[in-house]
Every structure is written in structure tokens, then in C-alpha cells.
2 protein chains.
Amino acid sequence: MEKEKIDKKDHILDVAEKVFSELGFDGASTRMISGEAGVNMAMLNYYFGSKEGLFIAVFERKITSFQDILQNIGNDESMSSWDKMDAYIEIYGNKVVSNNCFQKLLYQEMGMNRRTDISDKLRSILMINVGEVKKILLEGIAKGEFKKDIDVEMAIATIYGTKNFIINTPLMSTPMLGYDIQDEKVMDEQLKPRIKAYMKNLLKAYILN
Amino acid sequence: MEKEKIDKKDHILDVAEKVFSELGFDGASTRMISGEAGVNMAMLNYYFGSKEGLFIAVFERKITSFQDILQNIGNDESMSSWDKMDAYIEIYGNKVVSNNCFQKLLYQEMGMNRRTDISDKLRSILMINVGEVKKILLEGIAKGEFKKDIDVEMAIATIYGTKNFIINTPLMSTPMLGYDIQDEKVMDEQLKPRIKAYMKNLLKAYILN
DNA sequence: CAAAATTAATCAAACGATTGATTGATTATA
DNA sequence: TATAATCAATCAATCGTTTGATTAATTTTG
């Protein structure tokens with residue numbers, strides 16, 4: 001049945017996402033993934049063509065939801081530039097914290113220099129979001145709403161970097177913040193509001209007049 | 001000769017550091033490293049016992065220089081808290097940008113969940129620096145020099161995170177910043193002063209009264 | 001509607017390639 | 001000459017992938 005087939009593929013992608021994010025692309029073997037998913041090893045190639053195809057499929061499943069997060073915000077004429085930044089941080093904070101497993105995998109792979117076809121694909125997608133944030137910041141500067149001497153690119157690096165540090169380096173962020181980053185409930189109830197509030201205050205202090 | 005042997009081992013470690021940081025532990029093969037270093041494959045095992053031994057040796061070579069970066073600053077009674085932060089950013093910016101290859105490898109490894117013996121060692125060393133920065137920030141708050149409602153831990157995450165994003169994700173940071181992150185000369189002449197100036201301005205706006 | 005034909009899904013087994021590591025012989029050094 | 005360094009060759013293990021056979025599902029046909 002078509003429905004069950006999709007469910008099975010989805011289940012494989014769930015497992016693959018988890019195993020990849022824990023061990024990286026090379027560290028995760030097809031035997032391990034198929035074993036943990038409870039399917040025959042050949043099924044991975046049958047469904048996804050290759051290990052790399054499976055890897056890409058993991059990303060493509062999530063990609064769509066990331067692409068049009070900002071579309072609406074950026075083009076809203078009625079919002080002030082700061083309200084747009086505020087709205088972006090809000091959405092970004094929600095999306096990112098609840099997809100931390102995937103986020104880790106994403107930026108882990110972006111750090112590698114090989115497989116430029118995959119990395120390039122991921123980069124071009126992420127750069128769309130970067131472009132949207134940049135547009136908001138530049139608009140705010142042009143309207144005189146933001147300071148005119150802010151380092152736009154660095155500010156963007158701070159937004160993504162602060163989040164990445166917390167998500168990708170739990171060995172440091174967990175003892176730093178005082179609660180377990182891996183714990184989903186803690187993430188949602190404590191980290192999410194905290195990182196949102198902090199990010200808004202930090203940016204407010206740096207970019208607002 | 002003892003001297004040449006050390007030089008050769010050092011050369012292997014240089015190459016290994018570079019290849020590991022580009023491809024990760026699993027992605028880098030011993031054949032690749034030995035080939036690029038211009039030595040026989042068996043030499044790696046002869047000198048370092050195993051691939052993992054080589055990996056550890058890469059870290060242990062650098063570890064010592066990381067341990068005493070901050071000691072002097074923190075205990076200087078004559079400096080204001082902000083001057084200490086300023087001095088730290090200055091030193092950190094220099095150290096980090098010129099060791100970007102190793103930094104990338106370091107935080108790549110910190111993100112992985114396996115080989116906990118290495119990761120734990122690295123973490124405990126890095127956490128010393130974190131503790132020193134935290135001390136400066138708390139001191140500034142206590143003295144009324146800094147705002148009392150700043151999120152200390154998040155601010156530290158921003159310092160490390162912003163740097164890491166630029167260093168570890170050159171595929172994004174290079175097009176964002178408009179110049180090649182991999183280029184050593186560019187790093188030194190353009191990125192280093194820029195990241196220092198930005199970091200100081202950002203923190204000044206967020207923590208200073 | 002039921003039997004036959006076709007397609008899709010699943011599996012155990014094996015493939016060639018590559019991995020990290022080791023060997024025993026050879027060369028250089030002290 | 002004895003010790004250290006270097007090498008080509010080879011090891012077993014694991015990798016991702018493919019195969020050919022088998023079962024399940026779907027479609028076609030009489």
C-alpha cells in the first residue's frame with residue numbers, strides 16, 4: 001500500500017536522521033541504520049539509491065519548511081524593521097530548538113569540505129535565510145530605525161553562531177547553562193524562551209538607536 | 001637525528017591537523033594523511049601507534065598552549081572589568097584566528113558523541129576559559145560596572161559561537177563576509193581586526209551601563 | 001469474478017573496494 | 001655491528017553496493 005510505503009520510508013528517514021546526527025555521515029554505516037530501522041540493508045539502496053541519496057533525502061524532507069519561514073515577514077509593509085527582527089527571532093527560535101537534532105547534523109556537514117554537491121545545495125538554501133535577515137537589517141538602517149554603523153554580516157553570524165554553539169556543543173553548553181541540552185522538555189520549557197529573550201535583548205542593544 | 005625526527009613528527013601532525021579538520025576523523029584516511037605528508041603509511045603507526053593515537057597527538061600538541069591564556073588578566077587588580085573583557089577579546093581574537101584550522105577540528109570533535117575520553121579532556125580545558133570569562137562578567141556586575149540583568153552564560157555562548165560560526169562554516173561565512181575565510185593573509189589583515197572590533201562593540205552595547 | 005501475468009517489495013548472500021594495521025625485509029644511523 | 005627508521009606487501013575487517021531468488025501486491029485478462 002502506498003500509505004505504508006511512505007510511512008516506512010519516513011521511518012527510515014527518522015532513524016537515519018538520528019544516526020547521522022550522532023555519528024556523522026562517515027561514522028554511520030548503512031548496516032547500522034538499516035538494523036536500527038528494522039529493515040533489510042538493501043532497502044536503503046532500493047528506496048534511496050545510495051547512502052548519499054539517503055543523506056540528501058533526510059535533508060530534503062526538512063528543507064521545504066525552512067524555505068518559506070521568512071517570506072511573509074520580510075514583505076510585510078505594516079511592520080517596523082525591529083518588529084520583523086522580533087518576529088524572525090521568535091520563529092527561528094521555535095523551529096531551531098525543536099529541530100536541534102537536525103540542526104546539529106546540518107551544520108556538522110556544512111563544516112566538511114568534501115561532497116561539495118551536497119554542501120553547495122545546503123548552503124544555497126541556508127543563504128536564502130541569511131539574505132532575508134540581511135534585508136531586514138539593511139532596511140532598518142536605511143529607514144534610520146537601526147544604527148547606521150552596525151556590522152550586518154557579523155550580527156547575522158552572531159544569531160546563527162550563538163544558537164549553533166548551544167546546540168552543537170552540548171558538552172560545553174550543558175554545564176554552562178546548568179541544564180541538559182539533550183533533554184527535550186528542558187529545551188522547550190527553559191532554553192527556548194531564554195534564548196529568544198536573550199537574542200532580542202542583545203540585538204536591541206546593538207542595533208537599535 | 002633527534003632533531004629531524006621531531007621535525008618529521010611535527011610535520012605529520014601539521015598535515016594530520018589539516019586533513020582531520022577538513023574531512024573529520026572518519027573521512028580522513030591514514031593513506032591520505034601519509035601521502036600528503038610524504039611519508040610511508042606505516043610511519044603513522046610507528047610513531048603514533050594508531051590512527052586514534054595520531055588524532056590524540058594532534059590535540060595534545062596544542063593543549064598546553066591553551067591552558068594559560070587568561071590567568072594574568074583575571075587577577076589584575078588595576079584593570080576595570082571592561083578593560084579585562086577588552087583584553088580578553090584581544091587575546092582571544094589573536095589566538096583563535098591564527099589557529100583556525102585547529103579550532104575547527106576542536107569544535108568538530110566536541111560536537112561528536114563518541115570518544116568521550118578525548119572530548120571530556122578537551123571540555124575540561126575549554127571550561128577553564130569559560131570560567132575565567134564568567135568571573136570577569138560577574139565581577140563587572142557586582143561592581144555595578146555592567147548591567148545587572150545580563151544573561152552571562154548566553155553572552156559567553158555568543159562570544160564562542162560567533163567565532164565558531166565564521167571559522168567552522170566557511171561555506172557560509174565566506175560569501176557572507178565577502179572574502180575568503182580560508183586565506184591566511186585575509187584572515188590576519190581583515191577578519192581579525194573586524195571580529196575584534198565587532199565583538200567589543202556588541203558586548204559594550206549589551207553589558208555596559 | 002477468478003486465474004494469470006506483471007510489478008513492487010523484501011531478503012540472504014556475496015561482491016569488489018577500501019579501511020587501519022602489521023609484517024618481514026631493507027636501508028640508514030650511531 | 002646493533003639500533004632505529006623506512007618501505008613494499010599483505011592482513012583481516014568493514015564498507016557501500018549489487019545480485020538473484022522469493023514473496024507480496026497489483027493489474028490484466030478471459
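None of these values were measured; they are calculated from a predicted model.
- Atom CE in A:Met43 sits roughly 13 Å away from atom P in C:dA8 (whole-Å rounding).
- For B:Tyr46 and D:dT6, the OH to C1' distance is 9 Å, given to the nearest whole Å.
- Under the side-chain hydrogen bond (donor to acceptor under 3.5 Å, both in side chains) criterion, the residue pairs touching residues 176-188 of chain B are B:Tyr179-B:Arg194, B:Asp188-B:Lys192, with sequence neighbours excluded.
- Using a 30° and 60° split on the angle between ring planes, A:Phe20 and A:Phe55 fall in the perpendicular class, above 60°.
- Of the possible donor and acceptor atoms, none in the side chain of B:Lys200 sits under 3.5 Å from a partner among the backbone N and O of B:Ile89.
- Evaluation of the side-chain hydrogen bond (donor to acceptor under 3.5 Å, both in side chains) rule for B:Tyr198 yields A:Thr158 as partners, not counting sequence neighbours.
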Report summary line: For DNA chain D, the dot-bracket notation using Watson-Crick and G-U wobble pairs below 3.5 Å, [ ] for pseudoknot-type crossings and | for other-strand pairs, is ||||||||||||||||||||||||||||||
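- The nearest whole Å value for the distance from the OH atom in A:Tyr47 to the C1' atom in C:dT10 is 9 Å.
- Atom C1' of nucleotide D:dT6 and atom CZ of B:Phe48 are separated by 15 Å, given to the nearest angstrom.
- As rounded to whole Å, 11 Å separates atom P of D:dT17 from atom CD1 of A:Ile33.
- Regarding contacts with the backbone of D:dA5, every side-chain N or O of B:Lys8 stays at 4.0 angstrom or more from both OP1 and OP2.
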Contacts under 3.5 Å, N or O only, protein and nucleotides 19-22 of chain C:
unit_1: C:dG20; atom_1: OP1; unit_2: B:Ala28; atom_2: O; d: 3.4
unit_1: C:dG20; atom_1: OP1; unit_2: B:Lys51; atom_2: NZ; d: 2.6
unit_1: C:dG20; atom_1: OP2; unit_2: B:Thr30; atom_2: N; d: 2.8
unit_1: C:dG20; atom_1: OP2; unit_2: B:Thr30; atom_2: OG1; d: 3.1
unit_1: C:dG20; atom_1: N7; unit_2: B:Arg31; atom_2: NH1; d: 2.9
unit_1: C:dG20; atom_1: O6; unit_2: B:Arg31; atom_2: NH2; d: 3.0
unit_1: C:dA21; atom_1: OP2; unit_2: B:Asn45; atom_2: OD1; d: 3.3
unit_1: C:dA21; atom_1: OP2; unit_2: B:Lys51; atom_2: N; d: 2.7

Side-chain donor/acceptor pairs under 3.5 Å, residues 163-172 of chain B, sequence neighbours excluded:
unit_1: B:Lys163; atom_1: NZ; unit_2: B:Gln103; atom_2: OE1; d: 2.7
unit_1: B:Thr169; atom_1: OG1; unit_2: B:Phe165; atom_2: O; d: 3.3

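- B:Tyr92 and B:Tyr88 have parallel rings, their planes meeting at less than 30° on a 0 to 90° scale where 60° marks the start of perpendicular.
- Between the CD atom of A:Glu36 and the CG atom of A:Asp14 there is a distance of 11.5 Å, given to the nearest 0.5 Å.
- A search for side-chain hydrogen bond (donor to acceptor under 3.5 Å, both in side chains) contacts involving B:Lys134 returns B:Glu153, not counting sequence neighbours.
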